Amino acid sequence: MYRLPNGEEIFIIDAHIALWDGSQENQLNVQGDQFISCFYDYHKNLSPKEHLWPKDKFLKYEAGTLIEDVFVKGYSDMAIFQPVYLKEFYKNGFGDFDANEALAQQYPGRFICNGTFDPRHGERGLEQLEKDYEKYKWSGIKLYTADWYKDSKGYKLSDDWSYRYLEKCVQLGIKNIHVHKGPTITPLNRDAFDVADIDDVASAFQDLNFIVEHVGLPRLEDFCWIATQEKNVYGALAVAIPFIHTRPRYFAEIISELLYWIGEDRILFGSDYAIWEPGWLIEKFIAMELPEDIQKETGATLDLKVKKKILGENAARLYNIDIESQKEKLRHCELAKTIASANKIA
């Protein structure tokens with residue numbers, strides 16, 4: 001938990017983390033190497049020097065490293081796993097539902113484990129979604145519309161089979177649909193991440209929340225025009241927020257546009273760990289002030305009240321987390337003792 005100098009606590013939910021295996025042993029082909037290498041380029045180009053990882057660590061890191069970076073050093077109280085398949089690139093997939101679930105069991109109350117599906121899997125995939133829900137009780141899904149499957153290099157949320165899967169999510173009670181609609185990753189197709197299909201499904205599925213990861217970058221304007229009309233569309237800051245270090249004015253423009261168009265209640269913090277560690281992102285975000293000219297033009301306010309919503313309160317609302325009750329539960333857990341010891345908190 002982040003504590004201000006006056007002792008005030010800020011409850012933080014990192015709404016976008018992963019525990020991946022991009023190792024050479026798991027790479028199925030050259031595309032597996034291209035994908036993780038592109039991830040590493042994002043990490044290398046947008047991180048402060050003191051937070052750069054060697055590439056061998058970046059390819060595959062231990063669960064203990066995640067706990068240290070996200071919770072002990074990273075201020076987060078909770079975190080949400082956002083896994084993807086990428087089984088055309090990796091022998092055992094890029095993420096692992098069971099590995100995520102094991103961490104959630106080891107550290108009760110710290111994680112929300114989301115799942116994924118691919119509508120191109122047809123009836124077989126629908127059956128698997130039901131089985132996965134029964135096993136994991138997912139409350140959210142992460143979709144990668146540019147993922148490859150056989151000869152296909154992407155799909156649209158508005159496709160017929162996608163509708164059937166989203167209908168199944170409604171039936172099962174999986175309400176939060178996180179969708180990567182942002183920068184491309186080599187070798188994926190940029191156009192397959194186009195944000196336009198959000199407009200269709202957000203209108204059609206009013207019982208679902210569509211959380212647009214990376215706020216549609218580089219299509220921020222398209223995203224904003226859609227999200228201002230569709231009240232069940234949210235913007236998640238993963239990939240956008242690291243520009244707070246290398247391009248602080250650019251990030252100020254992004255966050256101001258989001259505040260102008262969709263407001264403070266529909267923006268979520270996410271580090272995209274392990275591309276970036278949450279600790280330095282959170283420190284810089286809390287310290288950030290909007291440039292006066294940008295604030296004057298957009299009328300945006302980024303005070304502590306707004307920052308607290310973005311850092312945790314908005315995600316808590318989506319996932320039905322009572323923050324005061326959750327704080328009390330977590331205050332006495334084993335991990336809380338480790339965090340207190342590391343940070344010399346009484």
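Heavy atoms only: backbone and side chains are in, while hydrogens, waters and symmetry mates are out. These numbers were taken from a predicted model, which means no experiment stands behind them.
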May I have the step-by-step check of salt bridge (Lys or Arg N to Asp or Glu O under 4.0 Å) for D159 and R120, ending in yes or no?
-> CA-CA 10 Å; D159 292 345; R120 294 167 297 184; over 6 Å; no
Could you check R164 against E123 for salt bridge (Lys or Arg N to Asp or Glu O under 4.0 Å), going step by step and ending with a plain yes or no?
-> CA-CA 10 Å; R164 292 187 60 182; E123 290 289 355; 2.8 Å; yes
Let me see the working for R110 and D14 under salt bridge (Lys or Arg N to Asp or Glu O under 4.0 Å), right down to the final yes or no.
-> CA-CA 10 Å; R110 293 289 180 178; D14 189 337; over 6 Å; no
Assess whether side-chain contact (heavy atoms from CB on, under 4.5 Å) is satisfied between E283 and Y75, documenting all intermediate values.
-> CA-CA 9 Å; E283 289 172 355; Y75 306 112; 2.4 Å; yes
Any chance you could lay out the salt bridge (Lys or Arg N to Asp or Glu O under 4.0 Å) test for E8 and R3, step after step, and finish with the verdict?
-> CA-CA 6 Å; E8 183 178 357; R3 285 175 173 81; over 6 Å; no
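A single hydrophobic cluster is not seen to contain both I275 and L52; linkage of ILVMFWY side chains at heavy-atom distances under 4.5 Å, directly or through other members, places them apart.
For Y155 and Y144, the distance between ring centers is not under 6.0 angstrom. Checked against the 6.0 Å centroid threshold, Y90 and W20 do not count as a close aromatic pair.
With respect to F223, the side-chain contact (heavy atoms from CB on, under 4.5 Å) criterion is satisfied by exactly one of V233, I198, D199: V233. A ring pair (Phe, Tyr, Trp, His ring centres under 6.0 Å) with F89 holds for exactly one of Y149, W148, F94; it is W148. Of the residues listed (Y42, Y250, F251), the one engaging F243 in a ring pair (Phe, Tyr, Trp, His ring centres under 6.0 Å) is Y250, and it is the only one.
Look at K135 and D132 and you find no salt bridge, because none of the NZ, NE, NH1 or NH2 atoms lies under 4.0 Å from a carboxylate O.
At a threshold of 4.5 Å between non-hydrogen side-chain atoms, the residues P119 and Y163 do not count as touching.
Contact record, S47 with W276: OG-CD1, 3.0 Å, taken as the closest heavy-atom pair.
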